[in-house]
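Notes to accompany the following structure.
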Amino acid sequence: MLYIGIDLGTSAVKLLLMDGEGEIKNIVSKEYPLEFPQPGWSQQNPEDWKKAVLEGIPELLRGFDASQVAGIGAGGQMHGLVVLDRDDNVIRPAILWNDGRTAKQVDCLNQEIGQEKLSALTANIAFAGFTAPKLLWMRENEPELFARIAKIMLPKDYINYILTGVHCTDYSDASGMLLLDVEHRCWSKEMLDICGISESQMPQLFESYETVGTLLPETARVLGLPESVIVCAGAGDNAAAAVGTGTVGEGACNISLGTSGTIFISSEKFGVDPHNALHAFAHADGRYHLMGCMLSAASCNKWLMEDIFQTQDYAGEQADITPDKLGSNHVYFLPYLMGERSPINDTRARGTFVGMTMDTTRSDLTQAVLEGVAFAIRDSFEVAKALGIPIERSKLCGGGARSPLWRTILANVLNIRLDVPASEQGPGMGGAMLAMVACGLYPSVAEACARLVRTAETISPDPGLAARYEARYQQFRQIYPALKGLFPILQP
């Protein structure tokens, strides 16, 4: 049998077709636009996601026997606010995970409601990317639209609705809304009241590997698939990527260098970072995880290459960064192009180059961006270490992980071994694996991971280089505190 994995990303949807033994048969990608209507705002039209999926799946199946498709599972960008009216029409563009318009609402939640209370209710504090602050922003700034809300969903949940007609979500994705009681796996009535919404407006909750329904007749016809195809709840992209890289069980770690950057630590038991620098979320395997998320990771390199240098020759721009230059760059970069989430939680922070001189080169700036992202990931890594979580190795996925140079930098900045999975399709592969569990092919997510995930390469740190990066990191971590008070003054 065959299984479809959907990776609903920020810039494109990636669809993959995989058999029950983990062999990827085909991959199709469909891009869609991203809107920045004001500085710090980020939104998309959910109809663009729908169009990309409905057009992409028939293309994915071209040349294959569609009757062999048993299940579909999706991993999707988290936190995005999708709102539907009573006729299930999209009310407004989805406000995305990297949108920073909710600074006022975040401050209100963290200061007036209080971080301690928020953590007790949801296991997390408010961050600008989370869904609850967006609802408060909408209630204040778009009251007429807010009054029309009949259903509140997350991006991949809207795709599942298009496929099945079911208003659903899963616990891993719902954990990032600041509306879920993560420990008890139910909606927090008090948080719903604070946001002025009711439980009837929320989607039904499922475990990621549970079946939410089968294909609607009309949707099945458009896709060329049997109506009997099972659709599972799926997961937030980071939890789905963790499944796709085999990051399950106590203390397993995955680092993702995608549009955003994350460090994901799975756990068998519920636990909260007492400082709330790391998110405490449900995992797609039915357990829990801690996660640090930076808003701009590989997107920083994309910005520098394509918007500033006007090139798509990423490898060519990195060619001059020879091994002797690692750990000795005089330029630093703060990767806060969209503000920052973990661990500083500062929507006003901005991307900054520091240390440039007359002899600074293009490759120095490129190296600074790669190192700055690695240093920022280490900021969350340090929080995990302070909690007594020993991390000696991690999986590594995401588009940025395709760069050998970036892999080397990250392994030495963190001073740990990095395992690169044989498949680069983390969220999509994870979605397909969750569909396999829903279809009964594997008895658990852990069993699917043990059977299907393979390591292609391991990068080990070099003691001398790791020592040089240790010194550079200690300098890097002083830059943001020195500039923190300046960022609000610079805001338009």
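Just so we're clear, the structure is a prediction, and the values are computed from it rather than from any experiment.
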Test side-chain contact (heavy atoms from CB on, under 4.5 Å) applied to Arg362 - qualifying residues, sequence neighbours left out: Phe309, Thr311, Glu317
Heavy-atom donor-acceptor pair, Thr247 side chain to Ala252 backbone, under 3.5 Å: no
Polar side-chain atom of Ser394 near backbone of Cys253 as donor-acceptor pair, under 3.5 Å: yes
Parallel, tilted or perpendicular, as decided by the 30° and 60° cut-offs, for the rings of Tyr332 and Phe375: tilted
Min side-chain heavy-atom separation Phe381-Ile255 under 4.5 Å: no
From CG (Leu16) to CD1 (Ile27), nearest 0.5 Å: 6.0 Å
Separation of Lys25 NZ from Leu17 CG (nearest 0.5 Å): 8.5 Å
Parallel, tilted or perpendicular: ring planes of Phe353 versus Phe333, cut at 30 and 60 degrees: tilted
Test: Arg348 cationic atom under 6.0 Å from Phe487 six-membered ring centre, within 45° of axis: no
Reported CD-to-CG distance for the pair Glu210 and Leu205, which is rounded to 0.5 angstrom: 10.0 Å
Met433 side chain reached by Tyr209 side chain, heavy atoms, under 4.5 Å: no
Approximate separation, where rounding is to 0.5 Å, of Glu371 CD and Leu405 CG: 8.5 Å
From CA spacing to verdict: side chain to side chain contact (heavy atoms under 4.5 Å, CB included), Arg101, Gln43: CA-CA 11 Å; Arg101 75 185 71 184; Gln43 58 188 43; 2.9 Å; yes
Tyr288 side chain reached by Arg185 side chain, heavy atoms, under 4.5 Å: yes
His289 side-chain N/O to Ala282 backbone N/O, donor-acceptor pair under 3.5 Å: yes
Side-chain heavy atoms of Asn345 within contact of Ile125, under 4.5 Å: yes
Side-chain (Thr352) to main-chain (Arg350) donor-acceptor, under 3.5 angstrom: yes
Contact summary for Ala298 and Trp406, nearest pair of heavy atoms: CA-CH2, 3.8 Å
Ala103 versus Thr347, closest heavy-atom pair with distance: CB-OG1, 3.4 Å
Close side-chain approach of Val445 to Cys449, heavy-atom, < 4.5 Å: yes
Least distance between heavy atoms, Ala435 atom then Gly73 atom: CB-N, 3.8 Å
Enclosure of Gln474 CD (heavy-atom neighbours >12, cutoff 6.0 Å): yes
Between Thr360 and His330, a side-chain donor and acceptor under 3.5 Å: yes
Check ion pair Arg287-Asp285 (N to O, under 4.0 angstrom): no
Heavy-atom neighbours of Arg393 CZ exceed 12 at 6.0 Å: yes
Non-hydrogen atoms of Ile24 and Ser423 that approach each other most closely: CD1-OG, 3.4 Å
Tyr473 side chain reached by Asp379 side chain, heavy atoms, under 4.5 Å: yes
Atom NZ of Lys325: over 12 foreign heavy atoms under 6.0 Å: yes
Test of ring centre spacing under 6.0 Å for Phe127 and His79: no
Whether Asn412 side chain and Asp462 backbone form a donor-acceptor pair below 3.5 Å: yes
Rounded distance (nearest 0.5 Å) linking atom CD1 of Ile263 with atom CG of Asn238: 11.5 Å
Enclosure of Glu35 CD (heavy-atom neighbours >12, cutoff 6.0 Å): yes
Nearest heavy atoms of Tyr32 and Ala52, plus distance in Å: CD2-CB, 3.9 Å
Within-4.5 Å side-chain heavy-atom neighbours: Met78 and Cys293: no
Check: Thr455/Asp419 side-chain N/O donor and acceptor closer than 3.5 Å: no
Stepwise salt bridge (Lys or Arg N to Asp or Glu O under 4.0 Å) check, Glu470 with Arg378: CA-CA 11 Å; Glu470 176 65 30; Arg378 178 162 169 182; 2.8 Å; yes
Flag for Asp346-Tyr480: side-chain donor and acceptor within less than 3.5 Å: yes
Nearest-0.5 Å distance that lies between atom OG1 in Thr169 and atom CG in Leu180: 9.0 Å
Heavy-atom closest contact (Glu268 atom, Gly249 atom, distance): OE2-CA, 3.3 Å
Beyond-backbone contact of Leu81 with Trp137, side-chain heavy atoms, under 4.5 angstrom: no
Test: Lys156 and Asp173 ion pair at under 4.0 Å: yes
Arg407 side chain to Ala401 backbone, donor-acceptor under 3.5 Å: yes
Exam field: side chain Asp273 to backbone Leu278, donor-acceptor pair closer than 3.5 Å: yes
Short side-chain to backbone donor-acceptor contact, Asp19 and Gly22, under 3.5 Å: yes
Main-chain N/O of Asp157 paired to Asn160 side chain as donor or acceptor, under 3.5 Å: no
Trp97 vs Met338, side chain to side chain contact (heavy atoms under 4.5 Å, CB included): CA-CA, chis, key distance, verdict: CA-CA 10 Å; Trp97 59 273; Met338 296 293 294; over 6 Å; no
Salt bridge flag under 4.0 Å for residues Arg477 and Glu382: no
Polar side-chain atom of Glu340 near backbone of Leu295 as donor-acceptor pair, under 3.5 Å: yes
Donor + acceptor pair across side chains of Thr122, Asn124 (<3.5 Å): no
Residue pair Leu418, Leu410: steps toward the side chain to side chain contact (heavy atoms under 4.5 Å, CB included) verdict: CA-CA 8 Å; Leu418 297 176; Leu410 189 60; 4.0 Å; yes
Over 12 foreign heavy atoms within 6.0 Å of CD, Glu250: yes
Leu179 and Leu135: CA distance, side-chain angles, deciding distance, side chain to side chain contact (heavy atoms under 4.5 Å, CB included) verdict: CA-CA 11 Å; Leu179 298 171; Leu135 285 165; 4.0 Å; yes
